[in-house]
Amino acid sequence: MHMRKGPGFVPASPWGLRLPQKFLFLLFLSGLITLCFGALFLLPHSSRLKRLFLASRTQQPGLEVIAEVAGHSPAHEQEPPPNPAPAAPAPGEYDPSSRVGPRRRKEWLRRTRPTGPREEATVARGSGAAAPRPGEESVPFSFDFNAFRSRLRHPVLGTRTDESKKPQSRVRAQREKIKEMMRFAWQSYRRYAMGRNELRPLTKDGYEGSMFGGLSGATIIDSLDTLYLMELKEEFQEAKAWVEESFHLNVSGEASLFEVNIRYIGGLLSAYYLTGEEVFRIKAIKLGEKLLPAFNTPTGIPKGVVNFKSGSWGWATAGSSSILAEFGSLHLEFLHLTELSGNPIFAEKVRNIRKVLRKIDKPFGLYPNFLSPVSGNWVQHHVSVGGLGDSFYEYLIKSWLMSAKTDMEAKNMYYEALEAIETYLLNVSPGGLTYIAEWRGGILDHKMGHLACFSGGMISLGAEDAKEEKRAHYQELAAQITRTCHESYARSDTKLGPEAFWFNSGREAVATQLSESYYILRPEVVESYMYLWRQTHDPTYREWGWDVVMALEKYCRTDAGFSGIQDVYSSSPNHDNKQQSFFLAETLKYLYLLFSEDDTLSLEDWVFNTEAHPLPVNHSASPSQAWPRH
Ligand code: DMJ
């Protein structure tokens, strides 16, 4: 039918549409296009498509965010220094990098998001990572495990040259004995307390404790890397299966930020770096996210306790203070959480803590143990290298080492703090024992806690990077402090050391009251033996370590696991009925390493967090990259 042109009349389009209809159609079409693109960019599961579209132009998220946090522009600085030659795998050692070619190893891009589905599949295979099981949460970032492994200087478990040279050597037998102790501790736990936080060996059951906010399996997570190190393969698989199937993060209690970080996050991170199993990486990141509300304070200094349910940091206790060793011992793990997730927030949180500590006045250069997260001021002037302060200092020197010696700020803070400690806290007893006292506003308590005995190892570890004129001095200081800690063991009936020992009234390196005479399977003394052994190869440290092994066997071994004892000065001490998870994470691990070759978890490749979980040195660090540098 022919239409006549008249007012308000619009001719039909070639498809028979009139102008208003055409306009409406175009409007609808443009709406549809906008909707599609909106979905592409905004919906959470669109990342793969986004990569297809944007691959060539996007920045690598991990690098970008970490470099930004470090105060560097990431724009043109993504190529790391050439990787060192990949370490050859130890005989029989799992070596995921063997599945990939050299080109692939070289490519820094591999630590970033894959650029397409095919590559994604390759990365998953090449990384040796088990694909997440149905229903398992994943994180939208992939870490290039192969590239990381190829940068290590040594095979993870070492070359075991002592074994090939002297298969029946004494040191090997000693190591085997320690391995047997670990197997026994693990099997007892598994038998009586599997899934609980720790084992009670006398009552043959488990308990949860109040530090973990409803999380369970602390012993399992703490044991993973020790089982791996000792090649207790079946036991490792049991532990891993539990993490996969039963380690649930949907808990709602109040947890210690510090304890969850050093034991759970540290344990999961190490397990990931040792094995490349995705489940550990994913759970570490998810758990790390649950800790973030602790930082929502006026200063960003986290409170010690985080409520997993409300996410609050406990305003009800706003008057209370945060503890130096707690908020100062997050740095290593949180940098790795950013490294493995591509999410800068973890690194930002710990860098802010640094900033606050850097700015604040320090009495005589000392760091008091309590700080208000509200005002950012010290709450009282109590300084200690033992409990409340200890691992803050440890994390400074280890941050320096973990950054492949690029984090100058950590280095400077560490050596400045050590100078102040030496000036104001260090003493020599009339009997010639060197010790680090505790400082209360200028008055000294002439005592050392067992916890402070880690400092021999720390000072030894940091000695070689000190100013040249100080190096020998620090090495000697480390040896003297370790000797004092050994004395605290040697002067007891059990040859195990008390929780605290004094230098008063003619009594030296002994506890002065029953309430300080207990030993709860702590690691700090054998930790120092291990570091001193690696630095000096003085056989004394192995002898001292072996004395501890014998004492543990005699006084702490029960029918169903190891237990702490209530009085180290009694030749028939009562047990405390606790097999602490750090006994498996730390004490047995450090003992085992004391009787291992230096290239087993080499200190060139790994730093141990304060729960003895090995975290890798960032060998890809360069002036332009990821890790904080000043
Ligand atoms: C461990 O949980 C850690 O070493 C922490 O830093 C302090 N104490 C215990 C072991 O004694």
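Just so you know, ligand 1 is whichever comes first in the structure, and atom 1 is the first atom listed for that ligand.
- Every residue two or more places apart in sequence or in another chain that forms a ring pair (Phe, Tyr, Trp, His ring centres under 6.0 Å) with Tyr264 is listed here: Phe212, Phe247.
- Under the rule for a ring pair (Phe, Tyr, Trp, His ring centres under 6.0 Å), the partners of Trp544 that lie at least two apart in sequence or sit in another chain are His486, Tyr529, Tyr541.
- Qualifying ring pair (Phe, Tyr, Trp, His ring centres under 6.0 Å) partners for Tyr414, counting only residues two or more places apart in sequence or in other chains: none.
- Remark: aromatic rings of His613 and Tyr273 are distant, center separation not under 6.0 Å.
- Between Phe327 and Phe392, the ring center distance fails the sub-6.0 Å criterion.
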Please produce the table of protein N or O atoms sitting under 3.5 Å from N or O atoms belonging to ligand 1, one pair a line, distance to 0.1 Å.
{"unit_1": "ligand 1", "atom_1": "2 (O)", "unit_2": "Glu611", "atom_2": "OE1", "d": "2.6"}
{"unit_1": "ligand 1", "atom_1": "4 (O)", "unit_2": "Glu586", "atom_2": "OE1", "d": "3.2"}
{"unit_1": "ligand 1", "atom_1": "4 (O)", "unit_2": "Glu586", "atom_2": "OE2", "d": "3.0"}
{"unit_1": "ligand 1", "atom_1": "4 (O)", "unit_2": "Thr610", "atom_2": "O", "d": "2.6"}
{"unit_1": "ligand 1", "atom_1": "6 (O)", "unit_2": "Thr610", "atom_2": "OG1", "d": "2.7"}
{"unit_1": "ligand 1", "atom_1": "11 (O)", "unit_2": "Arg522", "atom_2": "NH1", "d": "2.7"}
{"unit_1": "ligand 1", "atom_1": "11 (O)", "unit_2": "Glu524", "atom_2": "OE2", "d": "2.7"}

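- Ser321 places no side-chain N or O within 3.5 Å of a backbone atom of Phe370 that could act as its donor or acceptor partner.
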